[in-house]
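These notes are about the structure you will find just below.
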Amino acid sequence: MSGGGGGGGGGFRCSWGKMGRGLNEAIARSVVGRYFKLEARNSCFTKELRAGLATFLTMAYIITVNTNILTDSGGMCSMADCSAPPNATAGPDCMFKPNAGYQNCLSKTKSDLMVGTILSAMIGSFAMGVCANLPLGLAPAMGPNAYLAYNLVGFHGSGPIPYRTALAIFLVEAFAFITVSALGIRSKLARLIPDSVRFACAAGIGLFIAFVGLQSHQGLGLVGPDSATLVTLAACSRTNPETGECIGGKMQSPTFWLGSIGFVIMGYGLMKGLKGSMIYGIVFVTVVSWFRGTAVTYFPHSPLGDERYNYFKKVVDFHKIQSTAGVVSFHGFNRSEVWVALGTLFYIDVIATTGTLYTLAGIAGLVNDRGSFEGEYVAYLVDGASTVVATMLGVSPIATYVESTAGIREGGRTGITAVVVSFCFMMSLFFTPLLSSVPPWAIGASLVMVGVMMMGVVKEVDWGNVKESASAFVTMILMPLTYSIANGIVGGIGVYVALSIYDQVLSFMNWLMMKMGRKVVVEDQNQVSANAELTSVL
């Protein structure tokens, strides 16, 4: 399978004048050029540089998106961080209502998680480039981050598993993935899952992520709670601070309409093939929200708004992780929820990583006639090892990003592309005040767009086959409606197995009848032979 552009076709010129040609020739003949096989893969340094920048622009949104999603879990914040009135103690509900102390903890946690996200993406991309020599960018995956924040730990710690234990689950899953990759049984495990469930899993996660982006606490606020129908149309100008229900001004929320404009910008850019479209939409909404004294400001004149604004004004600052690094704990690990989560994450990792790496290698024209590609074995090990690093930094598992296709389309064919992506992430470390000030209504628009892009795989489902379509539909619908990725996977596999029972029983009966028929024939033949021998003797 060949990539979107040839290695040295006219569409990808390597030269930037005489200076560019000289630079490319010098690097190609150097130790670096020979190590990354620039000439062997018909590439050059300037092309790889452009490819790396294109890949970073298309995946840089994950810095703020992943940070905001993980912050929703509350991280290491607890009731002890809540501020309480004099001569009183804070109750458990302080984590779900406006509370200065708890919000202050969340702000610090957000900065910690942002640095962890950037560092894990930087290290993972660098390792993929140097060790596997592939033009692929790595960063915390969409899906596992939402699974941690809304299923395992729960919103502000309301789930069944503490943040420390959730990180331990990710750590064990990473070592399990490394083991099956090292033993070469990863592809065999991937084939055990029905195709319908495998395709529907990506689409279901997309629906789940989009549903999160439509809600108020981490998105546009278009969907809100309702005591009669569970959910309803919202985007209200006034809501109940305790229940979140609309109390006036439905579809009159200024932040919703601003976020919607950002969504349109992203959609238009993607329609026109504009690189970095997601970033442009997020940046537009964010910059407009930075002006104080407006209806859409992220810095209202309040104690929390003043604190955010004072940190934002630093612009450049290097934040040191304070609370989320190295907090892995196996306390309470022997619980049913833990093992369900472990199986779910392992399945998602095996299926998603296998499919993504093969797809991207095919687009780059690196897949050979045997269906494998150079650096494949190391790439899987790098993916698993990067998740180990991410877990120790306090963030969710790492994945190879399909946005790497942007760099491949620009002509990236070697690990230099990934190294450039890593360098761009490293530079982001120094702008945490700006990156931490992206409002939820900017993130929500990008989450909905991610959901749109993840729905593309549904066309692979055989909708004319009820067994395939029913299991796929159950997988997709249960994920957003039960707020659980695991429930969708278990439900889809369960339906597939239930609808397969008749065929399996029928197949077993046919096999049994054939066995019995053969036995009768053999007995008849033996009887005929015995009679013939007796006749001969007589």
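Phe96 and Phe155 have tilted rings, their planes meeting at an angle from 30° to 60° on a 0 to 90° scale. Ring geometry, Phe425 versus Phe56: the interplanar angle exceeds 60°, so the pair is classed perpendicular (tilted spans 30 to 60°).
Leu357 has its side chain within reach of Leu136: a pair of non-hydrogen atoms, C-beta onward, lies under 4.5 Å apart. The side-chain heavy atoms of Ser237 and Ser253, taken from C-beta on, include no pair separated by under 4.5 Å. Proximity of Val450 to Met278: side-chain heavy atoms (C-beta onward) are separated by under 4.5 Å at one or more points. A heavy-atom distance below 4.5 Å is found between the side chains of Val328 and Thr391. No side-chain heavy atom of Asp349 sits less than 4.5 Å from a side-chain heavy atom of Pro397. With contacts defined as side-chain heavy-atom distances shorter than 4.5 Å, the pair Val153/Pro162 does not qualify. Val172 is listed as a side-chain neighbour of Phe330, based on a closest heavy-atom distance under 4.5 Å. Contact of the Tyr347 side chain with the Val197 side chain is registered, since non-hydrogen atoms from C-beta on lie closer than 4.5 Å.
The aromatic ring centroids of Trp257 and Phe263 lie 6.0 Å or more from each other.
Side-chain N or O atoms of Thr294 include one that pairs as donor or acceptor with a backbone N or O of Phe291 at under 3.5 Å. Put simply, the side chain of Ser302 gets close to the backbone of Gly305: a donor and an acceptor are under 3.5 Å apart. Side-chain atoms of Asn145 come within 3.5 Å of backbone N or O of Gly143 as a donor-acceptor pair. With hydrogens and angles ignored, the 3.5 Å screen pairs no side-chain donor or acceptor of Thr165 with any backbone N or O of Ile161. Thr356 contributes no side-chain N or O that, together with a main-chain N or O of Thr353, makes up a donor-acceptor pair within less than 3.5 Å. Panel note: side chain Asp112, backbone Gln322; a donor-acceptor pair is recorded below 3.5 Å. Side-chain N or O atoms of Thr55 include one that pairs as donor or acceptor with a backbone N or O of Ala51 at under 3.5 Å. Looking only at distances, no side-chain donor or acceptor of Asp81 sits under 3.5 Å from a matching main-chain atom of Cys77. The backbone N or O of Gly293 lies less than 3.5 Å from no partner atom in the side chain of Thr297, so there is not a single donor-acceptor pair. Ser260 places a side-chain N or O within 3.5 Å of a backbone atom of Phe256 that can act as its donor or acceptor partner.
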N/O donor-acceptor pairs under 3.5 Å from side chains in residues 452-460, not counting sequence neighbours:
unit_1: Lys459; atom_1: NZ; unit_2: Gly456; atom_2: O; d: 3.2

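Within a 6.0 Å radius of CZ in Phe126, no more than 12 heavy atoms belonging to other residues, nucleotides or ligands are found. The number of heavy atoms from other shown groups lying within 6.0 Å of OH (Tyr268) does not exceed 12. Sparse packing is recorded around CZ of Phe175, with 12 or fewer heavy atoms of other residues, nucleotides or ligands lying under 6.0 Å away.
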* Asked: After noting the C-alpha distance and the side-chain angles of Ser386 and Asp383, does the key distance pass the side chain to side chain donor-acceptor pair (under 3.5 Å) rule?
  -> CA-CA 5 Å; Ser386 299; Asp383 190 283; over 6 Å; no

* **side chain to side chain contact (heavy atoms under 4.5 Å, CB included) assessment of Val231 paired with Asp226** => CA-CA 5 Å; Val231 293; Asp226 184 88; over 6 Å; no

* Step by step, would you call Leu106 with His156 a side chain to side chain contact (heavy atoms under 4.5 Å, CB included)? -> CA-CA 9 Å; Leu106 285 182; His156 289 183; 3.6 Å; yes

* Show the numbers, then the answer: is there a side chain to side chain contact (heavy atoms under 4.5 Å, CB included) between His331 and Arg164? => CA-CA 8 Å; His331 179 70; Arg164 295 173 181 269; over 6 Å; no

* Test log, rule side chain to side chain contact (heavy atoms under 4.5 Å, CB included), inputs Ile443 and Ile69 -> CA-CA 9 Å; Ile443 301 300; Ile69 290 177; 5.6 Å; no

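Contact between Gly394 and Tyr163 at its shortest, heavy atoms only, is O-OH, 2.6 Å. In terms of heavy atoms, Pro433 sits closest to Asp317 at CG-CB, 3.5 Å. Among all heavy-atom pairs drawn from Ala139 and Met59, the shortest one is CB-CE, 3.6 Å. The two residues Cys424 and Leu53 have their closest heavy-atom pair at SG-CD2, 3.7 Å. Of all the heavy atoms in Ile205 and Met142, the pair that sits closest is CG2-O, 4.4 Å. Minimum interatomic distance between Thr67 and Lys110 (heavy atoms only, all atoms of both residues): CG2-O, 3.2 Å.
Screening Phe299, Trp290, Tyr298 for a ring-ring contact (aromatic ring centres under 6.0 Å, His included) involving Tyr309 leaves a single residue, Phe299.
Atom SG of Cys94 sits about 6.5 Å away from atom CE of Met79, to the nearest 0.5 Å. Rounding to the nearest 0.5 angstrom, the gap separating the OG1 atom in Thr109 from the CD1 atom in Ile321 is 11.5 Å. The line from CG of Asp72 to CD of Gln215 is 9.5 Å long, rounded to the nearest 0.5 Å. Remark: Met479 CE to Ile209 CD1 distance equals 10.5 Å, nearest 0.5 Å. Atom CD1 of Ile493 is separated from atom OG1 of Thr475 by 7.5 Å, given to the nearest 0.5 angstrom. Interatomic distance, Ser428 OG to Phe423 CZ, rounded to the nearest 0.5 Å: 10.0 Å.
For the disulfide bond (SG atoms under 2.5 Å apart) condition, the pairs that include at least one residue of residues 243-289, sequence neighbours left out, are Cys236-Cys246.
In summary, the side chains of Asn68 and Thr71 do not present any donor paired with an acceptor at a separation below 3.5 Å, with no hydrogens or angles considered.
The pair Arg292-Asp306 meets the salt-bridge criterion, since a charged nitrogen lies less than 4.0 angstrom from a carboxylate oxygen.
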